[in-house]
Trainee: 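Structure provided below as structure tokens; questions to follow.
Count residues from 1 along the sequence. All values reported here derive from a predicted model rather than from experimental measurement.
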Amino acid sequence: MPVELAASDPPREDKAPTPWYRRPAVLPWAWAAGLCLLYATVAVRRHQLLRTTGYDLGIFEQAVRAYAELRAPVVPLRGPGFNLLGDHFHPLLAALAPLYRLWPSPLCLLLAQSALLALAVVPLARWARRVLGVRAAHAVAAAYGLSWGIASAAAFDFHEVALAVPLLAFSLEALAHRRWRAAVVWAAPLLLVKEDLGLTLAAVGVYVAVKGPRRLGIATAAVGLLGALVEIKFLLPAFNPGGDYAHGGNLADGHGSLLSTLAHAPLDVLRPDVKALTLILVFAPSALLALRSPLAMIAVPTLAWRMVSENPFHWGTAYHYSAILMPVVLAGLIDVLAREKSARNVRASLATVLAVTVVLLPSFPLAQLVQRTTWRTTPHIEAARALLARVPDGATVAASNRLAPQLTSRCEVVVFPTFPVDTRLDRRETGPLPAPTAEWIVYDSVPPEAWPQKSGPWPYPAEQQEAELRAAREKHGYEVVAARNGVTLLRRTAS
């Protein structure tokens, strides 16, 4: 017989609703918003200080601008008629075209990159909160958001890899929860971000084959490998004016033959010493704990091609090359701690992770936010802005590398002096350069110092650039319109 409440019993009160800011779903998105603001502040301020470059922000803006205008991504900064799909295979860049159509500015790309890098914290923090608790989720979010790999990408122009970082982060979360199909769906677009990321997709497939449905994993790995092969062997050469893979030289046979190269590969991975240091720093944001997780295998393809590359830029910690690795490292950390039975060990590990994060922070570009020079606009910068404003919209301009992205949204821009690029990236010539043909030349003899590059002229020595500037005046029909604080503006007056 059911028991009824007496008339005198007080009614039960409902529990007070949880404030919105304390709800579990808010934590990861709050971190994403904060990190987006942090990255955007660094990126935008760098652009205002003329620290962004034609190589690479200007290049990507010209490509996205072409997509926004429903044209092929032909990029004058890379050479006459150069289709950027012949450099790296990144058709997913077209997804940014609608945003750029609404706001045609290099800041559009910089803010989009900031948002994409910050978005990757959402699945990581959400996963950490579910398996480790709220405090651990904050620690993981801080370790990812302030990691040197993400900071290095956020503070150097724009790169297509920003599109891959959140895709891989959501795929890793799905792997952790054994949602195999979702993991593959999130990782599949990596094929459209960059040709080497097909190998990362293949690594995701191998993980699925080992831990989950074998057929799905094998199929995913096959698609990743085949996709990367097709892009490198067929699609990239088809778009490249030279008819080959522009970056093939980075993986040339460094020891005279393929067999000798393979034999030396184990040692070459750790030589010179900067490679070993980078391998340690990659896993440092997890206090090296990620090495105990099988998820770490997903980082192997990116680390492998970087360490065997002959391009020294690939070996170090600068630029954007490590951004794709940071979600893997933090996912490995969460995976390891989720299997740890001792709460005390978990707390100690997270404390170590935060300590490493704090120790590394001053050595990487987020530290620019507390540097006095970041917030000071010099007379040189003001002079450059004044002279750039005199270049009319729609003009053809040959500009110094750090002035180029100030003009790419409204002019057709090439680098001054002419920077010849054919089938090899960054090919420099010692002989005479082609005569400039742009209507305007804007030259900066005092390029600002900015991480990660050293202060100084690029792509040629200062003496050669000055000689080309004199030749423009004396031989090629240009006259000086204005010159202030090391910045010179010239206009072509004769054919």
Trainee: Could you verify whether a donor N or O on one side chain and an acceptor N or O on the other, from H159 and Q113, lie under 3.5 Å apart?
Mentor: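 No pair is found: no donor N or O on one side chain lies under 3.5 Å from an acceptor on the other.
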Trainee: Between Y478 and R473, is any side-chain donor less than 3.5 angstrom from a side-chain acceptor?
Mentor: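 Y478 vs R473: no donor-acceptor pair found between side chains.
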Trainee: Do NZ/NE/NH1/NH2 and the carboxylate oxygens of D87 and R78 come within less than 4.0 Å?
Mentor: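 Counted as a salt bridge, because a side-chain N and a carboxylate O are separated by less than 4.0 Å.
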Trainee: Picking from V193, L168, L167, I298, what satisfies side chain to side chain contact (heavy atoms under 4.5 Å, CB included) with I324?
Mentor: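 Result: among V193, L168, L167, I298, L168 is the only option passing the side chain to side chain contact (heavy atoms under 4.5 Å, CB included) with I324.
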Trainee: Between the side chains of H380 and D444, does any donor sit under 3.5 Å from an acceptor?
Mentor: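 The answer is yes; a qualifying pair exists.
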Trainee: Salt-bridge test for R491 and E439: reply yes if a basic N is under 4.0 Å from a carboxylate O, no otherwise.
Mentor: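 Judged by the 4.0 Å cut-off on N to carboxylate O distance, R491 and E439 do form a salt bridge.
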Trainee: If I take atom CG from residue L192 and atom CG from residue L197, how far apart are they, to the nearest 0.5 angstrom?
Mentor: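 The CG atom of L197 is 10.5 Å from CG of L192, to the nearest 0.5 Å.
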Trainee: Checking side-chain contact (heavy atoms from CB on, under 4.5 Å) for the pair V481/R390: CA distance, chi angles, key distance, verdict?
Mentor: CA-CA 9 Å; V481 175; R390 299 180 66 171; 3.6 Å; yes
Trainee: Should the pair R65-E69 be classified as a salt bridge under the 4.0 Å nitrogen-to-oxygen rule?
Mentor: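 Yes.
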Trainee: Taking the side chain as every heavy atom from C-beta outward, state whether I441 and V397 have any pair of such atoms under 4.5 Å apart.
Mentor: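 No, every pair of side-chain atoms sits at 4.5 Å or beyond.
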Trainee: So, applying side chain to side chain contact (heavy atoms under 4.5 Å, CB included) with L295, which one of L330, V204, V329, L172 is it?
Mentor: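 Single side chain to side chain contact (heavy atoms under 4.5 Å, CB included) partner of L295 among L330, V204, V329, L172: L172.
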Trainee: With sequence neighbours excluded, what pairs up with S114 under the side chain to side chain donor-acceptor pair (under 3.5 Å) test?
Mentor: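 Partners of S114 under the side chain to side chain donor-acceptor pair (under 3.5 Å) test: none.
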Trainee: Under the salt bridge (Lys or Arg N to Asp or Glu O under 4.0 Å) rule, what pairs show up with a residue in residues 151-171, not counting sequence neighbours?
Mentor: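 As it turns out, the salt bridge (Lys or Arg N to Asp or Glu O under 4.0 Å) pairs with a partner in residues 151-171, which skip direct neighbours, are R46-D157.
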Trainee: Between atom CG of D196 and atom NE2 of H247, what is the distance when rounded to the nearest 0.5 Å?
Mentor: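 One gets 10.0 Å once the value is rounded to the nearest 0.5 Å.
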Trainee: Can you name the one residue among F283, Y319, F364 that meets ring-ring contact (aromatic ring centres under 6.0 Å, His included) with W148?
Mentor: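 Between W148 and the candidates, ring-ring contact (aromatic ring centres under 6.0 Å, His included) is satisfied uniquely by F364.
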Trainee: Once the angle between the rings of Y55 and W458 is folded into 0 to 90°, is it parallel (under 30°), tilted (30 to 60°) or perpendicular (over 60°)?
Mentor: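 Tilted.
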Trainee: Do L277 and L281 have side chains that approach each other closer than 4.5 Å (heavy atoms only, starting at C-beta)?
Mentor: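 They are in side-chain contact.
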Trainee: Any non-hydrogen side-chain atom of L109 less than 4.5 Å from a side-chain atom of V64?
Mentor: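 Side-chain contact under 4.5 Å: yes.
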Trainee: I'd like to know if the side chain of E468 pairs up with that of Y460 as donor and acceptor (distance under 3.5 Å, no hydrogens or angles considered).
Mentor: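 Distance-only check fails for E468 and Y460.
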Trainee: Q465: which residues meet the side chain to side chain donor-acceptor pair (under 3.5 Å) condition with it, sequence neighbours left out?
Mentor: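 Once residues adjacent in sequence are excluded, Q465 has no partner under the side chain to side chain donor-acceptor pair (under 3.5 Å) criterion.
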Trainee: Can you confirm whether I381 sits close enough to T377 that some side-chain heavy atom of one is under 4.5 Å from a side-chain heavy atom of the other?
Mentor: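 The answer is yes; the side chains approach within 4.5 Å.
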Trainee: Which residues satisfy the side chain to side chain donor-acceptor pair (under 3.5 Å) test with E412, sequence neighbours excluded?
Mentor: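 None.
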Trainee: State which residues pass side chain to side chain donor-acceptor pair (under 3.5 Å) with R372; sequence neighbours excluded, sorted by chain then number.
Mentor: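 Scan of R372 (side chain to side chain donor-acceptor pair (under 3.5 Å), adjacent residues dropped) gives none.
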Trainee: Tell me the side chain to side chain donor-acceptor pair (under 3.5 Å) pairs involving residues 28-39, sequence neighbours left out?
Mentor: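 Listed by first then second residue: W31-H138.
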Trainee: Does a donor on one side chain sit under 3.5 Å from an acceptor on the other, for S322 and R306?
Mentor: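 Present: a donor and an acceptor within the cut-off.
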Trainee: Should P73 and L85 count as side-chain neighbours, where that means a heavy-atom distance under 4.5 Å?
Mentor: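 Yes, their side chains come closer than 4.5 Å.
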Trainee: Can you find a heavy atom in the side chain of L191 that is under 4.5 Å from one in the side chain of V223?
Mentor: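 Yes. Closest side-chain heavy atoms under 4.5 Å.
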Trainee: Using the ring of each side chain (for Trp, its six-membered ring), is W305 parallel, tilted or perpendicular to Y321, with breaks at 30° and 60°?
Mentor: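 Perpendicular, since the angle between the ring planes exceeds 60°.
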Trainee: Apply the side-chain hydrogen bond (donor to acceptor under 3.5 Å, both in side chains) test between Y245 and each candidate in H88, E231, E195; give the one that qualifies.
Mentor: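 Passing option: E195.
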